[in-house]
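Bear in mind the structure is a predicted one, so any value in this text is a computation, not a measurement. In the text below, chain A, chain B and the rest are named by the order of the sequence lines, each starting its count at 1.
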Protein chains: 2
Amino acid sequence: MSPLDNLRAHDRVTSALAQVAGRLGWDQETVMPRGAAIQRGDEMAAMEAVLHARRCDPRLGEWLNEAAQTPADSPTARADHALIRQIRRSHDRACRVPGELAAELARVTSLAQGIWAQARADEDFASFAPTLAHVIDLRRQEAAALCEGRDLTPYNALLDDYEPGASEASLTAMFDALRPGLVALRQDIADAASDAPALPEHHFDPQVQMALATEVATAFGYDLTRGRLDCAVHPFSSGSGADVRITTRTDPADPFNCLYSTIHEVGHACYEQSITPDYALTSLGQGVSMGVHESQSRIYENQLGRSRAFTGWLYGRMRDAFGDFGVGDEDAFYRIVNRVAPGHIRTEADEVHYNLHVMLRFDLERRLIAGTLDVTDLPEAWNSRFADDFGLTVDRASNGVLQDVHWSVGLFGYFPTYTLGNVYAGCLHEALRRAVPDLDDRLSRGDTSAATGWLGQSVQQYGALHEPRALITQATGQEPGVTPLLSYLRRKFGDIYGV
Amino acid sequence: MSPLDNLRAHDRVTSALAQVAGRLGWDQETVMPRGAAIQRGDEMAAMEAVLHARRCDPRLGEWLNEAAQTPADSPTARADHALIRQIRRSHDRACRVPGELAAELARVTSLAQGIWAQARADEDFASFAPTLAHVIDLRRQEAAALCEGRDLTPYNALLDDYEPGASEASLTAMFDALRPGLVALRQDIADAASDAPALPEHHFDPQVQMALATEVATAFGYDLTRGRLDCAVHPFSSGSGADVRITTRTDPADPFNCLYSTIHEVGHACYEQSITPDYALTSLGQGVSMGVHESQSRIYENQLGRSRAFTGWLYGRMRDAFGDFGVGDEDAFYRIVNRVAPGHIRTEADEVHYNLHVMLRFDLERRLIAGTLDVTDLPEAWNSRFADDFGLTVDRASNGVLQDVHWSVGLFGYFPTYTLGNVYAGCLHEALRRAVPDLDDRLSRGDTSAATGWLGQSVQQYGALHEPRALITQATGQEPGVTPLLSYLRRKFGDIYGV
């Protein structure tokens with residue numbers, strides 16, 4: 001076998017095992033008996049140990065060096081070189097992190113998730129604090145190992161896992177460019193609107209919500225023969241290729257939580273399902289970064305799902321499903337779905353406030369990783385910053401520092417990719433509107449196929465073939481920046497609120 | 001670390017990975033999207049390759065030889081030597097089988113399961129035949145590898161996976177000893193009974209069946225905080241330690257299918273859940289053989305679950321759950337639950353016919369593995385033997401050769417352990433009656449705790465500490481044999497049918 005063939009064969013098994021480990025995560029969040037948490041931690045650690053050992057395999061280093069000589073003019077050269085790039089990145093990273101630390105991180109974060117969920121249910125940050133401190137300590141050790149002998153900050157080392165090519169500096173610049181426009185728009189809306197439109201008071205049967213969520217997921221192109229939709233504490237998407245599963249949750253008082261979480265996760269899932277089958281079970285067979293992933297979920301959810309055109313169709317479907325639920329017409333429905341108001345919860349935030357939630361987390365988590373903010377001081381830091389940014393008091397931990405699962409599972413450096421995704425979604429939406437002039441006509445009939453088809457062709461099919469920024473540049477014809485997102489928000493909410 | 005510590009550490013990771021692989025099987029049978037079958041085959045193969053490589057690890061051979069010197073008088077000597085025995089068995093086996101063959105078997109059997117299920121639904125053996133031939137070919141290759149240089153037949157080599165210490169010869173002797181008594185009893189019942197009591201004509205709501213199944217499972221001691229009960233095409237039990245899951249199925253016309261499948265699987269699950277926690281995630285932390293496993297599932301299902309005492313309690317619970325379902329009293333109910341009649345389906349067979357179903361499979365699968373029966377001739381061989389043994393024509397493949405999943409997933413040598421389990425259950429039941437004189441009083445109140453407690457103490461807690469026959473001998477105070485089972489059947493059905 002050639003070095004490249006060796007790499008391919010090795011990568012295929014590693015990719016299959018990574019799918020298994022990912023599915024174990026799905027299982028933990030959806031169907032695992034609660035008494036299995038400790039055993040599950042050991043199982044996760046064992047899988048991580050196997051994956052880590054494969055990624056460190058010294059033969060990979062040899063094959064990578066030899067395969068790099070692959071001629072650039074072979075028919076598969078582009079994919080070959082991208083595969084080599086992806087495997088090299090994973091190999092280099094794994095070689096720097098001791099296997100015991102990788103396994104311990106898997107074990108501890110698996111357990112931490114349950115401890116966080118219980119603490120959130122109990123509104124008891126103190127019971128979670130030691131676990132969080134442990135997770136942060138392990139991630140800091142990992143970051144230190146990744147930085148050794150390199151000109152790299154610990155936070156950037158972690159960020160690289162989720163968004164290759166991004167840095168604290170580039171993200172700070174992005175947030176600095178976004179923030180004034182968002183704050184100004186929020187202020188204009190607050191000045192103009194006496195009250196945000198309220199949710200109708202109605203009982204929305206959870207089973208009917210799930211049936212409608214399934215219909216909407218299908219309308220966005222989610223293939224349920226290669227996926228499934230379940231209820232879980234957290235909406236999430238999991239898996240690649242032929243087994244891409246999503247979850248959502250229901251609140252009898254608020255059907256939009258379920259429906260828009262579903263559309264969001266469908267965006268993630270369709271990305272994974274739309275990657276060319278040639279890349280299945282390879283290092284190219286997955287979304288290239290969390291920022292690009294989030295661009296898909298956010299454009300499905302917001303630019304498409306919360307558009308005037310699509311909400312018109314959705315209003316009809318909700319009337320069919322729930323009868324008269326107390327909203328008089330499509331326009332009122334559109335305003336409710338797009339109501340702008342400060343709130344505690346990131347996942348329920350409107351498009352204007354959402355990135356402000358992310359900025360708060362970005363700033364706090366950098367201090368946690370830098371060691372300049374102690375876990376015991378975190379709730380106070382959160383609440384104080386939240387009051388500054390949102391003008392709201394945090395009344396309980398589940399409305400504040402305990403609301404997100406991310407830190408419990410060690411996801412430091414992940415939050416900023418949400419905003420990066422929004423920025424990319426803004427760019428893609430602009431290009432999509434040019435490419436599909438009659439988009440609103442189609443969306444108003446519940447037909448997303450032109451939009452999702454364009455995203456599939458322009459972004460999703462490539463998997464990890466192109467680097468993130470290069471992919472967005474190729475898809476949109478220009479370097480990504482914050483202007484399209486800010487223009488879109490100003491236009492959309494300017495229309496709604498007359499500002 | 002001492003050689004024994006090295007073995008323990010290695011075994012712990014392998015055991016955790018085996019749990020992951022097992023859970024992947026659970027996932028496939030319960031929640032996997034149908035379009036994921038091919039990818040799943042690759043994932044299963046990757047897991048098997050990892051497990052196989054760990055079990056062949058040459059360091060194991062060294063550690064095993066060194067650890068065998070462990071002094072026999074240390075406090076943990078008994079468990080240490082049993083652990084060494086189990087790891088050596090697994091190591092020796094794995095070293096004989098090429099890794100590629102092990103992985104290919106995992107891949108092909110994963111896929112074959114879906115192909116079998118489709119063929120069964122379509123009543124189309126021909127569409128399954130090439131796959132079955134492929135599975136048999138791979139298993140024969142494996143058996144040949146296991147036999148190389150040893151005085152061992154291929155069938156015995158496969159049998160050893162499920163029942164260490166058993167052989168074609170010992171099982172044939174067991175069947176020969178059982179068969180005349182079973183055939184005579186069946187004939188006596190047929191002569192005495194004009195008609196077997198029929199199932200009542202009633203619609204048994206599947207959701208109510210599942211709720212009652214959950215209650216019955218709990219009544220038998222199944223711990224749902226470390227397990228779960230789902231619907232699947234096949235009832236099965238899966239997992240060890242803190243995550244032991246079972247499935248059942250519902251038929252609106254026949255609630256006993258659901259209820260007794262549940263009790264059966266609860267027997268398996270309670271065995272796994274009752275193993276001493278010291279053995280969790282080790283090679284001792286699992287049932288010692290399929291025969292012993294089946295002894296637990298069958299004694300829960302039959303000697304306890306179908307007893308006059310317990311069915312009296314169950315009748316009351318069914319009246320509570322379903323109202324008047326057309327059975328007048330406890331005695332009529334007992335006769336229905338224990339009706340004896342020849343039928344096509346093994347899993348629905350009464351206690352008199354059950355082992356005749358197993359004998360048919362035992363004889364046919366030995367010929368398949370020996371190469372003296374071709375897959376294309378299998379349906380004819382099945383149907384002809386079935387007519388001889390049961391006096392019934394096989395009207396369709398799902399009532400004949402396609403009814404069981406086992407051969408599709410490569411389980412050759414597994415079927416006879418069902419009857420061995422029945423024989424062991426007979427022995428254990430006799431000892432249990434001696435140990436718990438007021439058992440019927442308790443069962444008539446739905447209280448299984450004395451029985452399951454005795455089984456837990458006498459059998460289940462030990463996991464794989466003792467070899468199968470030694471375990472049953474220790475629990476019952478005598479060498480196992482067929483007499484207790486035959487006496488029990490003759491007494492029970494003699495009472496019911498007056499023969």
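- For residues 265-276 of chain A, a heavy-atom distance under 4.5 Å to chain B picks out no residue at all.
- The two residues Val13(B) and Ala46(A) have their closest heavy-atom pair at CG1-CB, 3.9 Å.
- Among the residues in residues 218-228 of chain A, those with a non-hydrogen atom closer than 4.5 angstrom to a non-hydrogen atom of chain B are Leu224(A), Thr225(A), Arg226(A), Gly227(A), Arg228(A).
- Minimum heavy-atom separation, Ala242(B) to Gly35(A): CB-O, 3.6 Å.
- Residues of residues 279-288 of chain A having a heavy atom under 4.5 Å from any heavy atom of chain B, listed by number: Leu281(A).
- Rounding to the nearest 0.5 angstrom, the gap separating the CG atom in Leu24(A) from the CZ atom in Arg23(B) is 6.0 Å.
- Counting heavy-atom pairs closer than 4.5 Å to chain A, the top residue among Arg34(B), Arg40(B), Glu43(B), Arg12(B) is Glu43(B).
- In this structure, chain A has heavy atoms under 4.5 Å from both the backbone and the side chain of Val31(B).
- Proximity to chain A (any heavy atom under 4.5 Å) is shown, for Met44(B), by neither the backbone nor the side chain.
- Summarising the geometry of Gln39(A) relative to Asp243(B), their closest heavy-atom pair is OE1-N, 4.0 Å, with the distance given to 0.1 Å.
- Contact annotation for residues 47-61 of chain A against chain B (heavy-atom separation below 4.5 Å, listed by residue number): Met47(A), Val50(A).
- Of all the heavy atoms in Met32(A) and Arg245(B), the pair that sits closest is CA-NH2, 3.7 Å.
- More than 12 heavy atoms of other shown residues, nucleotides or ligands fall within 6.0 angstrom of atom CG in Leu101(B).
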